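Contents: one structure, followed by commentary.
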Amino acid sequence: MRRKLVVGNWKMNGDLVRNRALLEEIARQAPDEVDCAVCVPFPYLAQTQTLLSGSCVDFGAQDLGEFAEGAYTGEVSAAMLGDFGCRYVIVGHSERRSMFGEGDALVGRKALSAVRGGLIPIVCVGESLDEREAGQTERVLSRQLDAVAKAVDAEMLSRLVIAYEPVWAIGTGRAASPSQVQGVLSFIRGWLAQRTSAAGDVRILYGGSVKPESAGALFALPDSDGGLIGAASLVAAQFLGICEAAQIASRDNVRQFEGLK
Ligand code: PGA
């Protein structure tokens, strides 16, 4: 059975003092029946590594360079992230795609560089509002996912986490409805099934305005394995509330599974 995963995406927020309070509270209270992680800005990786050490909370970065080493001013490699104990790295977040010009092919190469470096890439895909309204959601997702499949082989594909983040739901307070989310998650699961026999093991998250109140219904969906959390991950009580919702959904899954045996 897939373990639920809740990942905080801090984006470009935080400072040493605020991080300490947030990380200490999360380290103390995060539930251990689900996987919880925070993806922090690069300069805070060392602090995060220290403060989360000995806890059940994992961590990672929000981006990485596509190259392994060399004259690439400003870039950070997968190996460097590994040096600081990162387990995850977000790749292809819509803010990087729209504001920093990252195209599908680059996102694929970054996913490859992450896997090669021993990290778990959380590959973000999602459509804009115009694309959804034009009925193009599946076409856009296929294009974004195909570019990743072109860069990595089937075995590597099974080691990714995929995050469905509709652009119109990110930071807007307007989460996609559970039925919208399930529709897309099952489309992604089907896409995976055509490429790897391990499609049933790949974790697919939803992200976009997830709050403790909405998390339960989203995490209970058949193809949902958790969430990628932006704004709410900066408030310990909210992030922990969302992790708790994942734990409840996970226990329900186990009960259903046991009932079926
Ligand atoms: P949000 O962000 O939860 O603030 O909508 C999600 C994300 O960008 O990953």
Side-chain angles (χ1 to χ4, degrees), residues 4-14 18-19 22 26 34-42 44 48 57-64 86-102 107 110-111 114 119-129 131-132 137 140-141 144-145 148 160-178 180-181 184-185 188 203-219 221 224-246 249:
K4 300 259 187 240
L5 170 64
V6 178
V7 181
N9 172 13
W10 286 10
K11 309 194 179 186
M12 200 175 74
N13 292 294
R18 280 187 290 161
N19 299 350
L22 183 54
I26 291 171
V34 292
D35 292 339
C36 302
V38 288
C39 288
V40 306
F42 294 134
Y44 300 128
T48 302
V57 183
D58 286 313
F59 61 95
Q62 301 167 16
D63 186 26
L64 83 169
C86 286
R87 183 171 173 81
Y88 298 99
V89 59
I90 298 172
V91 172
H93 189 279
S94 74
E95 285 150 18
R96 298 223 55 89
R97 291 178 188 262
S98 67
M99 290 186 236
F100 302 98
E102 290 195 11
V107 172
K110 287 188 172 190
L119 304 172
I120 301 173
I122 301 171
V123 178
C124 300
V125 293
E127 82 289 2
S128 67
L129 190 55
E131 289 162 342
R132 173 162 281 267
T137 301
V140 171
L141 261 68
Q144 294 172 333
L145 291 166
V148 176
L160 310 182
V161 171
I162 296 178
Y164 168 53
E165 295 210 308
V167 179
W168 48 273
I170 296 176
T172 59
R174 181 185 160 200
S177 70
Q180 286 173 321
V181 173
V184 175
L185 299 190
I188 296 174
R203 292 190 286 187
I204 311 178
L205 313 181
Y206 164 77
S209 297
V210 178
K211 300 283 176 277
E213 310 79 58
S214 57
L218 292 165
F219 297 167
L221 298 168
S224 164
D225 302 306
L228 182 55
I229 318 300
S233 73
L234 298 170
V235 181
Q238 290 197 21
F239 186 65
L240 288 164
I242 293 170
C243 295
E244 189 60 38

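Whatever order the structure lists ligands and atoms in, that order sets their numbers, starting from 1. All of these numbers come straight from a predicted model, not from anything done at the bench.
Taking 4.0 Å as the cut-off, S233 does not count as a neighbour of ligand 1 on heavy-atom distance. Taking a 4.0 Å cut-off on heavy atoms, G207 fails to register as neighbouring ligand 1.
Taking distance alone, with nitrogen or oxygen atoms compared against 3.5 Å, A231 approaches ligand 1 more closely than that limit. The shortest N or O to N or O distance between G208 and ligand 1 is not below 3.5 Å.
Using a 4.5 Å heavy-atom cutoff, the side chains of K11 and I90 are not in contact.
Applying the 4.0 Å criterion to heavy atoms of S209 picks out, from ligand 1, the atoms 1 (P), 3 (O), 5 (O). Near A169, meaning under 4.0 Å from one of its heavy atoms, ligand 1 places the atoms 5 (O). Atoms of ligand 1 lying under 4.0 Å from any heavy atom of H93, numbered from 1 in the order shown and given with element: 7 (C), 8 (O), 9 (O). Every atom of ligand 1 with a heavy atom of L228 under 4.0 Å away is listed here by number and element: 9 (O).
Checking V140, I188, V184 one by one against V125, the side-chain contact (heavy atoms from CB on, under 4.5 Å) holds for a single residue, I188.
Looking from atom 3 (O) of ligand 1 to the surrounding protein, the closest heavy atom is G230 N, 2.9 Å.
The closest donor-acceptor contact from the side chain of K4 to the backbone of F219 lies under 3.5 Å.
Neither the backbone nor the side chain of A232 comes within contact range of ligand 1; no heavy atom lies under 4.0 Å. At a heavy-atom cutoff of 4.0 Å, ligand 1 is contacted by both the backbone and the side chain of I170.
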Which atom pairs, donor and acceptor, lie under 3.5 Å between side-chain atoms of residues 232-246 and protein residues at least two apart or in another chain?
{"residue": "S233", "atom": "OG", "partner": "I229", "partner atom": "O", "Å": "3.2"}
{"residue": "S233", "atom": "OG", "partner": "G230", "partner atom": "O", "Å": "2.7"}

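One finds a salt bridge joining D63 and R96 here, because a Lys/Arg side-chain nitrogen approaches an Asp/Glu carboxylate oxygen to under 4.0 Å. Under a 4.0 Å N-O distance rule, the pair R203/D225 does not qualify as a salt bridge. With respect to E102 and R97, no salt bridge is recorded, no charged nitrogen being found less than 4.0 Å from a carboxylate O.
Compare K11, E95, E165 by their heavy atoms: the one nearest to atom 9 (O) of ligand 1 is in E165.
For the residue pair Y206 and A176, the shortest heavy atom distance occurs at OH-N, 2.9 Å.
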